[in-house]
Amino acid sequence: MLKLFNTLTGRQDVFEPIEPKHVRMYVCGVTVYDYCHIGHARSALVFDVLRRYLEYSGYAVTFVKNFTDVDDKIIKRANEQGVSCETVTQKFIQAYYDDMGKLGVRQASVEPKATEHMAETIELTNTLLRKGLAYQIEGDVYFDVARYPEYGTLSKRKLEDLQAGARVEVDERKHHPMDFALWKKSKPGEPSWSSPWGPGRPGWHIECSAMSIRYLGETFDIHGGGMDLIFPHHENEIAQSCGATSQHFAKYWVHNGFVQINKEKMSKSLGNFFTIREIFAKSEWSDAITGEILRYFLLSTHYHGPLDFSDQALKEAKSALNGFYDLFGRLAESEDKTIADPDLDLAIDRCQAGFRAAMDDDMNTPAAIAALQGLRNDVNKLVGVGLSTESRKLARQVFRSLGTVMGLFQLERWDFNVRIEPKPADLVGTAFPPAVTAAKQMTPEEIDGKVAERIEAKKRKDFKRADEIRAELKSSGITVEDKPDGTSRWKR
RNA sequence: GGCGCCGUACCCAAGUGGUAAGGGAGCAGUCUGCAAAACUGCGAUGCAGCGGUUCGAACCCGCUCGGCGCCUCCA
């Protein structure tokens, strides 16, 4: 029984979808005017995992995630670079897919763009005008917050409080300082669509109402996004949507916490952000491994709390994953002992129960990871006692299937995918300080040759030569492990 | 001024009334030609501080200290 912290009610609520076995969820995507940073990665990943867990739990999930592709910042960026808004948005939508793809974030069922839903946006605005919840001034249309008594329910704010703290210059024409634009008259050179109020473009909040209603209906299950969207974005979405439809909007509101640098929010203005592509470029590991490290790191803290990004945190995630992949390597070897096979079933049951309980508890990924660590420990012990080849495959399969929910443990081999090509000099030694310079990296074939040579040396009892080879490999970042049967395995 | 979050071992991090998960790092041991991995053991008499409620509190209440976020575009 899944429980989710619901911002709307301020507590954990038992999740019950409106339609049995079908979940409809909407998540606010990104405004495509720049590259995504780790904070965007966290948000995308949190809802990717929620979606995966709902599917794992047997629900069909209709997942809608939008692109905001008309916005002041996009216009500004386009003007700075002397290109069209489409050029900007296309570039960063592609970059989004590249980056999120490397992170293993699955695409949503529908990924609508604001610019492709003008008809719905205009219709919704019209409805709000007709119902007297909005007013028109010189080609602009504003939502009239004073006419919507429930305003502030989500963010637990009162209009009076907001007024007292308002720091922005207030447009004198507005009825109330908190009234927000549904439709903005376009200035010359700006993107523009014809409307009953003249040429213009939608306000920021209305697109999400229009697109969520379009694809999920007037009432749906889950609406998600970063904490910073609670006010004003989501508050305004509720006002517009409920105002227009007179129906409930989203039932559960889920918000993820921020990624921080040294306890401060990662943000453009502070200049303390890392883009996703920057992390991948600086990593000494292959994209597949780097992606898994980032996922492990981002999921090692509960989604609701803050998460501090650092080199050390990434290293710890890497070390923790090494333990799993070391075990997977042992499991890949054949054996016909069956002594511990019955115990394996017990260990698997325990892990699955723990995993499910953790995820049901407001998607507690750190506790879910702890359950997987528990199974790692159990299986390591059982392998020592003796597991059949079939049981070894089963154990690996359990890690793979539970790992699917979090996007972990899907790689065949952890160590064969190390990046060989050299990195640009200015990228070395930052996010992932390389243990070995690119020049000293060896190919798997070269390593296999060295390992074979060392085994020959060992057979001759030439331990001096064997140790030399081991040291040589070590300097290239290769660790050789001798097995009891005289053969060896290696890893990076 | 209003609203809200956080403070758990060297580091990261679960736990929100029943006597401190897990990971990383470290130390010791078993195993090993040596290593690595794995396993075993050690490690917070205490959960920012001070009071209070309770048979019992990291968890509830109050106050204090410290850090942060939102109220303006922001995942």
Side-chain angles (χ1 to χ4, degrees), chain A residues 7 10 12 27-31 33-34 36-47 68 71-73 76 152 155-158 160-169 178 204 224-233 235 255-260 262-269 273 296-297 300-302 304-308 310 312-313 315-324 326-327 329-330 354 358 361 364-374 376-377 379-381 383-385 458 461-464 466-467 470-471 474 478-484 488-491:
Chain A
T7 307
Q12 281 190 15
V27 171
C28 289
V30 293
T31 301
Y33 75 103
D34 206 345
C36 292
H37 56 59
I38 306 297
H40 298 112
R42 185 181 191 195
S43 186
L45 189 54
V46 162
F47 293 103
T68 296
D71 168 87
D72 289 347
K73 290 189 292 298
K76 182 163 176 274
S155 56
K156 315 279 188 283
R157 287 156 210 257
K158 301 189 194 85
E160 310 85 75
D161 298 340
L162 291 166
Q163 214 169 346
R167 273 189 278 156
V168 277
E169 284 183 47
M178 292 317 296
W204 174 38
M227 292 277 190
D228 46 0
L229 297 182
I230 295 171
F231 191 90
H233 184 55
E235 194 69 61
H255 294 98
N256 66 275
F258 297 126
V259 175
Q260 309 180 321
N262 294 325
K263 309 289 185 189
E264 285 187 317
K265 179 182 175 182
M266 186 184 282
S267 75
K268 301 262 161 125
S269 53
F273 62 94
Y296 191 99
F297 160 67
S300 64
T301 297
H302 184 82
H304 206 252
L307 190 167
D308 228 59
S310 67
Q312 191 193 325
K315 281 185 203 153
E316 289 185 3
K318 169 69 166 54
S319 297
L321 282 164
N322 281 345
F324 285 102
D326 280 340
L327 172 60
R330 295 176 76 191
D361 182 18
N364 191 335
T365 50
I369 287 173
L372 290 160
Q373 290 283 8
R376 179 176 79 90
N377 183 257
V379 174
N380 262 318
K381 277 185 241 180
V383 166
V385 176
K458 275 176 65 185
K461 302 280 181 198
D462 184 356
F463 296 119
K464 184 168 175 293
D467 288 349
R470 191 208 295 281
K474 192 76 190 170
I478 310 299
T479 303
V480 182
E481 294 179 13
D482 293 339
K483 294 193 282 182
S488 302
R489 61 170 93 90
W490 61 266
K491 65 180 184 182

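Given the structure is predicted, the values throughout are model-derived calculations rather than measurements. Chain letters run A, B, ... following the sequence lines, proteins first and then strands; every chain starts at 1.
- Between B/C55 and B/C65, the two P atoms lie 32 Å apart (nearest whole Å).
- Using P as the reference atom, B/U45 and B/C50 are 14 Å apart when rounded to the nearest Å.
- Side-chain atoms of A/M266 lie closest to B/A75 of the nucleotides B/C70, B/U72, B/A75.
- For A/D228, whose side chain is taken as the heavy atoms from C-beta onward, the closest listed nucleotide among B/G15, B/A14, B/A75 is B/A75.
- Atom C1' of B/A44 sits at a distance of 27 Å from the matching atom of B/U30, rounded to the whole Å.
- B/G2 and B/G43 have their C1' atoms separated by 45 Å, given to the nearest Å.
- A distance of about 22 Å separates the C1' atoms of B/A13 and B/G4, rounded to the whole Å.
- Here the closest heavy-atom approach between residue A/M266 and residue A/H37 is recorded as SD-ND1, 3.8 Å.
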>> Return a single string for nucleotides 22-39 of chain B, one symbol per nucleotide in 5' to 3' order, where B is base contact, S is sugar-phosphate-only contact and - is none, cutoff 4.0 angstrom on heavy atoms.
In response: SBS--------BBBBSSS
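- Side-chain nitrogen and oxygen atoms of A/K265 include at least one within less than 4.0 Å of the OP1 or OP2 phosphate oxygen of B/C70.
- The two residues A/S43 and A/N256 have their closest heavy-atom pair at OG-OD1, 3.0 Å.
- Between A/D482 and A/R470, some side-chain heavy-atom pair lies under the 4.5 Å cut-off.
- Comparing the C1' positions of B/G56 and B/G23 gives a spacing of 31 Å, expressed to the nearest Å.
- Among the protein residues, A/N364 comes within range of the sugar-phosphate backbone only, with heavy atoms under 4.0 Å from sugar or phosphate atoms but none that close to a base.
- On the P atoms, B/G26 is 11 Å away from B/A36, given to the nearest whole Å.
- Taking atom CD of A/Q260 as the reference point, atom P of B/G67 lies 14 Å away to the nearest angstrom.
- A/K483 and A/S488 share no donor-acceptor pair across their side chains, judged by distance under 3.5 Å alone.
- Between A/R489 and A/R330, the shortest heavy-atom contact is NH2-CG, 3.8 Å.
- Inter-residue side-chain proximity for A/R376 and A/L372 is flagged as unmet; no heavy-atom pair is nearer than 4.5 Å.
- Taking a pair as Watson-Crick or G-U with both hydrogen-bonding distances under 3.5 Å, the stems of three or more pairs touching RNA chain B are B:1-7 with B:65-71, B:10-12 with B:22-24, B:26-30 with B:38-42, B:48-52 with B:60-64.
- A/Q12 has its CD atom 14 Å from the C1' atom of B/C59, to the nearest Å.
- Among the protein residues, A/G257 comes within range of the nucleic acid bases, having at least one heavy atom under 4.0 Å from a base atom.
- Across all strands shown, A/V259 has heavy atoms under 4.0 Å from base atoms, whether or not it also approaches the sugar-phosphate.
- For the pair A/D72 CG and B/U72 C1', the computed distance is 12 Å after rounding to whole Å.
- Among the protein residues, A/H233 comes within range of no part of the nucleic acid, since none of its heavy atoms lies under 4.0 Å from any strand.
- Here the shortest heavy-atom pairing between A/H302 and A/P366 reads N-CG, 3.4 Å.
- B/G49 and B/G66: their C1' atoms are spaced 10 Å apart (whole Å).
- In this structure, A/F297 and A/A313 approach most closely via the heavy-atom pair CE1-CB, 3.5 Å.
- Here B/U16 presents its C1' atom at 13 Å from NE2 of A/H302, a figure rounded to the nearest Å.
- Between A/A313 and A/C28, the one whose closest nucleotide on RNA chain B sits nearer the 5' end is A/A313.
- Among the atoms of the strands shown, none is found under 4.0 Å from any heavy atom of A/G384.
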